[in-house]
Amino acid sequence: MIEPRTLKGFRDHLPAQALARERLLDVARRVYRGYGFAPIDTPALEYLEILTGKGSEETDKQLYRFTDHGGRDVGMRFDLTVPFARFAAQHVHDLGLPFKRYHMATVWRGENTQRGRYREFMQCDFDTIGTTSPVADLEMVLVVHDLLAAIGIGGFTIRLNDRRVLAGMLGRLGLAERSGTVLRSLDKLGKATREAVAAELAAHQVAAPAVEALLEMAELRGTPQSMLARLGALVSGSEQGEAGVAALESLLAGATAAGVPADRVVVDPSIARGLDYYTGIVLESFLDELPALGSICSGGRYDNLAGLYTKQPLPGVGASLGLDRLLAGLEELGHASKVETAADVFLVHFDGARLPDYLRIAAALRAAGMGVEFFPEPKKVGQQLKLAARRGFPGALVIGGDEFAAGTAQFKNLATQQSVTIDWHGDLRVLVDAVHSQLEAAKHAG
RNA sequence: GUGGCUAUAGCUCAGUUGGUUAGAGCAUCGGUUUGUGGUACCGAGGGUCGCGGGUUCGAGUCCCGUUAGCCACCCCA
């Protein structure tokens, strides 16, 4: 026997989980489309040269790579941004600018696993390229907000910052050269203690007064207005820094105008993002009940997406929803649904001799848009109902000899265990309408 | 990739200082004279004690390796 098992960091998805994933995909798709983003897809495999040297040394190490049967060096995509850069460079002429796309697909990273962190996972990206308009930045924030709100996860917070504010600050402190290491240290403030971060900065040869100034900035908290005022003061004189503060200000004003609740969006100067290509606004979002899970939706603005593949500058802004991480969070918080069926009605196979009638009824219900699972065997009714209840069907339809004789049917609400009798006198349309309304009632009651 | 913790039935766990055919609850399946599920009763199936090696008369129990999970670093979704 071969032991059935999955690779480290790779997982099977059972119906309950697969249904939850599909629901999230549906929500994301709906929100993205609602803003005019169009779907695209790209291959899971790319020429190795397309993928290497794009993200950072880290992503190169994590890349799954091999030589294909034709001797080509290939790699599996580790995010959806790099393939999109290649895609954009290749197809710009057919797309028209600005171009908005969404892309929901699996990516692979050969790194160590942890909760909410796998080697195979799905991302749901959306980006607008070919415009530097702040409206596109604002739209990104609105999409992220609508997305997280629509998923119905309870509290969440979108943390905003602008790379230019950080750059301005570092410039004033004479640390522009070392922005990478400094920002990475600063980025840990949420997780590590202030002392640990200070020590790390000191280890990176940052002078004590500069460390103090950086921490003071990164730890600023308060209303957006006060934050902006204080950040403005900190970077005053830096053209870059002032531009960043102004951008944040207009972004917050726009979000408010679009109806985003004030407590959903905060300015957080410690948000830096590790990815080097961000140049303007950056954003991360967290579940209020589970901030330790990490960001579930992150993004920002970049000046030039596809510079490595084309001479045409393609500025853009976009973000990525970490579907599997979010799902892990929902499960941990007990928001995971136990439903294991995608159908609405469980049709009990009561009397084997009535098979043609059951088939006719099931077909009629399906034609009316209801999902129907018909049990394949005329097993004991109790067993059939037990299975149906376990799978989470909202309703079961019980029609045996007595019902057929009387022209009735029992609709059983599996959650409440209560049945109602439907009089349909052999008229399928009456039965279909009645089942439909019973189903709606059962769903809304639950 | 580095370090720490963990690993017994599908799930949650027992398993005495290493000592006979490894147990429980829940779950699953069957039944309680064959038309109705979450309660009751009866019964059944299911364990290479993660895997491999070592120490020992004898290891689930000790040692080493390995795989997987969790946590930290790192990075991020």
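Convention: sequence-line order gives letters A, B, ...; per-chain numbering from 1.
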Asker: Which atom pair, heavy atoms only, marks the closest approach of A:Q240 to A:G168?
Answerer: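 Closest pair (atom of A:Q240, atom of A:G168, distance): OE1-N, 4.2 Å.
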Asker: Rounded off to whole Å, could you give me the CG-to-P distance for the A:L385 and B:rU39 pair?
Answerer: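 Interatomic distance, CG of A:L385 to P of B:rU39: 15 Å.
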Asker: Where the side chain of A:K380 is defined as all heavy atoms beyond and including C-beta, which of B:rU32, B:rG37, B:rA77 is the nearest nucleotide?
Answerer: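 Selected nucleotide (nearest to the side chain): B:rU32.
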Asker: B:rU21 and B:rC49: how far apart are their C1' atoms, nearest whole angstrom?
Answerer: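 To the nearest whole Å, 15 Å.
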Asker: Provide the distance between the two P atoms, one in B:rG69 and one in B:rC11, to the nearest whole Å.
Answerer: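 Each nucleotide's P atom is 15 Å from the other's.
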Asker: Are A:F126 and A:Y102 close enough that their ring centres sit under 6.0 Å apart?
Answerer: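 When the ring centroids of A:F126 and A:Y102 are compared, they turn out to be at least 6.0 Å apart.
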Asker: Looking only at side-chain atoms of A:K379, point me to the closest of B:rC75, B:rG30, B:rU36.
Answerer: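 From the listed options, B:rG30 comes nearest.
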Asker: Using distance alone, with no hydrogens and no angle criterion, decide if A:S320 and A:D79 have a side-chain donor and acceptor under 3.5 Å apart.
Answerer: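 No.
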Asker: Would you kindly compare A:G294 and A:L7 by the position of their nearest RNA chain B nucleotide and give the one closer to the 5′ end?
Answerer: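 Its nucleotide being nearer the 5' end, the pick is A:L7.
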Asker: Using Watson-Crick or G-U wobble pairs with both distances under 3.5 Å, give me RNA chain B in dot-bracket, 5' to 3', with [ ] for crossers and | for pairs to another strand.
Answerer: (((((((..((((.....[...)))).(((((.......))))).....(((((..]....))))))))))))....
Asker: Looking at side-chain heavy atoms only, is the closest gap between A:R11 and A:H13 below 4.5 Å?
Answerer: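 Of all side-chain heavy-atom pairs linking A:H13 with A:R11, at least one is under 4.5 Å.
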Asker: B:rG35 and B:rG31: how far apart are their P atoms, nearest whole angstrom?
Answerer: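 Here B:rG35 and B:rG31 have their P atoms 11 Å from each other.
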Asker: Would you kindly give the CZ-to-C1' distance between A:R11 and B:rA77, to the nearest whole Å?
Answerer: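 Between C1' of B:rA77 and CZ of A:R11: 12 Å.
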Asker: Do the ring planes of A:F99 and A:F84 sit parallel (below 30°), tilted (30 to 60°) or perpendicular (above 60°)?
Answerer: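 Because their plane-to-plane angle lies in the 30° to 60° range, the rings of A:F99 and A:F84 count as tilted.
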Asker: Do you know which of A:R30, A:R29, A:R23 makes salt bridge (charged side-chain N to carboxylate O under 4.0 Å, His left out) with A:D26?
Answerer: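 One option only clears the test, and that one is A:R29.
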Asker: Using the P atom in both, what is the distance from B:rA44 to B:rU8, to the nearest Å?
Answerer: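 These two P atoms come out 26 Å apart once rounded.
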Asker: Classify the side chain of A:R325 and the base of B:rC76 as holding, or not holding, a donor-acceptor pair under 3.5 Å.
Answerer: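 Donor-acceptor pair under 3.5 Å: yes.
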Asker: A:Q410 has a side chain; which of B:rA68, B:rU36, B:rA77 sits nearest to it?
Answerer: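 Side chain of A:Q410 sits closest to B:rU36.
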Asker: Rounded off to whole Å, could you give me the CG-to-C1' distance for the A:N112 and B:rG3 pair?
Answerer: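 After rounding, the gap between these two atoms is 11 Å.
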Asker: Have a look at A:N413 and say if it touches a base, only the backbone sugar-phosphate, or nothing, with a 4.0 Å heavy-atom cut-off.
Answerer: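 Contact class for A:N413: base.
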Asker: Which one, B:rA77, B:rG35, B:rU28, comes nearest to the side chain of A:R390?
Answerer: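 Selected nucleotide: B:rU28.
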Asker: Per the atom types in the model, does the base of B:rC75 pair as donor or acceptor with the side chain of A:R117 at under 3.5 Å?
Answerer: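 Yes, the side chain and the base share a sub-3.5 Å donor-acceptor pair.
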Asker: Atom CD1 of A:I399 and atom P of B:rU36: how far apart are they, to the nearest Å?
Answerer: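 My rounded result for the distance is 17 Å.
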Asker: Can you tell which of B:rU36, B:rC75, B:rC70 lies closest to the side chain of A:E403?
Answerer: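 Of B:rU36, B:rC75, B:rC70, B:rU36 is nearest to the side chain of A:E403.
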Asker: Which is true for A:G9 with a 4.0 Å heavy-atom rule: it touches a base, it touches only sugar-phosphate, or it touches nothing?
Answerer: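 The answer is sugar-phosphate, as A:G9 gets under 4.0 Å only of primed atoms, P, OP1 or OP2.
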Asker: Grab the CZ-C1' distance between A:F375 and B:rU36 for me, whole Å please.
Answerer: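 Whole-Å distance recorded here is 14 Å.
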Asker: Give the nucleotide from the list B:rU2, B:rG37, B:rU36 with an atom nearest to the side chain of A:K386.
Answerer: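 Given the options B:rU2, B:rG37, B:rU36, the side chain of A:K386 is closest to B:rG37.
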Asker: When rounded to the nearest Å, what value does the distance between C1' atoms of B:rA14 and B:rC74 take?
Answerer: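 Comparing C1' positions in B:rA14 and B:rC74 gives a spacing of 39 Å.
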Asker: Taking only side-chain N and O atoms of A:Q384, does any of them lie within less than 4.0 angstrom of OP1 or OP2 on B:rG35?
Answerer: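 Checking B:rG35 against A:Q384, no side-chain N or O comes under 4.0 Å of OP1 or OP2.
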Asker: Given B:rA72, B:rG31, B:rA77, identify the nucleotide with an atom nearest to the side chain of A:Q114.
Answerer: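 Of all the options, the side chain of A:Q114 is nearest to B:rA72.
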Asker: Side chains of A:E200 and A:S185: do they bring a donor and an acceptor to under 3.5 Å?
Answerer: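 Yes, A:S185 and A:E200 have a side-chain donor paired with an acceptor closer than 3.5 Å.
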Asker: Under 5.5 Å between ring centres and under 30° between planes: true for A:F350 and the base of B:rG35?
Answerer: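 No, A:F350 does not stack on the base of B:rG35, since the centre distance and plane angle fail the 5.5 Å and 30° test.
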Asker: Categorize A:A319 for me: base, sugar-phosphate, or nothing, with a 4.0 angstrom heavy-atom threshold over every strand shown.
Answerer: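 Result for A:A319 = nothing.
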Asker: Check whether any side-chain heavy atom of A:Q410 sits under 4.5 Å from a side-chain heavy atom of A:V420, and report yes or no.
Answerer: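 Not touching, per the 4.5 Å side-chain cut-off.
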Asker: Between the protein and nucleotides 44-47 of chain B, which nitrogen or oxygen pairs are less than 3.5 angstrom apart?
Answerer:
none

Asker: Validate the cation-pi geometry between A:R391 and A:F346: distance from NZ or CZ to the six-membered ring centre under 6.0 Å, angle to the ring axis within 45°.
Answerer: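 So A:R391 doesn't make the cation-pi contact.
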Asker: Could you check which of B:rG35, B:rG31, B:rC75 has an atom nearest any side-chain atom of A:V398?
Answerer: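 From the listed options, B:rG35 comes nearest.
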Asker: With P as the reference atom in both, quote the distance from B:rG65 to B:rA72 in angstrom, rounded to an integer.
Answerer: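 Their P atoms lie roughly 24 Å apart.
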Asker: So if I apply the side-chain contact (heavy atoms from CB on, under 4.5 Å) rule between A:V143 and each of A:T128, A:L148, A:V31, which one comes out positive?
Answerer: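 So, applying the side-chain contact (heavy atoms from CB on, under 4.5 Å) to A:V143 and each of A:T128, A:L148, A:V31, only A:V31 qualifies.
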Asker: Starting at CG of A:L63 and ending at C1' of B:rC75, how long is that distance when rounded to a whole Å?
Answerer: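 My rounded result for the distance is 15 Å.
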Asker: Looking across every strand, which nucleic acid part, if any, lies under 4.0 Å from A:L414 by heavy atom: base, sugar-phosphate, or nothing?
Answerer: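 Base contact.
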Asker: Side chains of A:Y32 and A:D125: is there a donor and an acceptor less than 3.5 Å apart?
Answerer: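 No.
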Asker: So, A:E46 and A:R77, do they make that salt bridge, N to O below 4.0 Å?
Answerer: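 Looking at A:R77 together with A:E46, the answer is no, because their closest N to O distance does not fall below 4.0 Å.
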Asker: Does any donor-acceptor pair link the side chain of A:K8 with the base of B:rG69 at a separation under 3.5 Å?
Answerer: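 Per atom types, no contact qualifies.
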Asker: Counting only heavy atoms not in A:H436, do more than 12 fall under 6.0 Å of its NE2?
Answerer: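 No, because the 6.0 Å sphere around NE2 of A:H436 holds 12 heavy atoms or fewer from other groups.
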Asker: Roughly how far apart, to the nearest Å, are B:rG60 and B:rU56 at atom C1'?
Answerer: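 The answer is 16 Å between these two C1' atoms.
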Asker: Return the value, rounded to whole Å, for the distance between atom CZ of A:F78 and atom C1' of B:rC76.
Answerer: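 Interatomic distance, CZ of A:F78 to C1' of B:rC76: 12 Å.
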Asker: To the nearest Å, how far apart are A:E377 CD and B:rG30 P?
Answerer: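 These atoms are roughly 10 Å apart.
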Asker: Of the listed nucleotides (B:rG69, B:rC74, B:rC76), which one gets closest to any side-chain atom of A:T113?
Answerer: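 Looking only at side-chain atoms, A:T113 lies closest to B:rG69.
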Asker: Taking the C1' atom in each of B:rU20 and B:rG15, what is the distance between them to the nearest angstrom?
Answerer: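 To the nearest whole Å, 15 Å.
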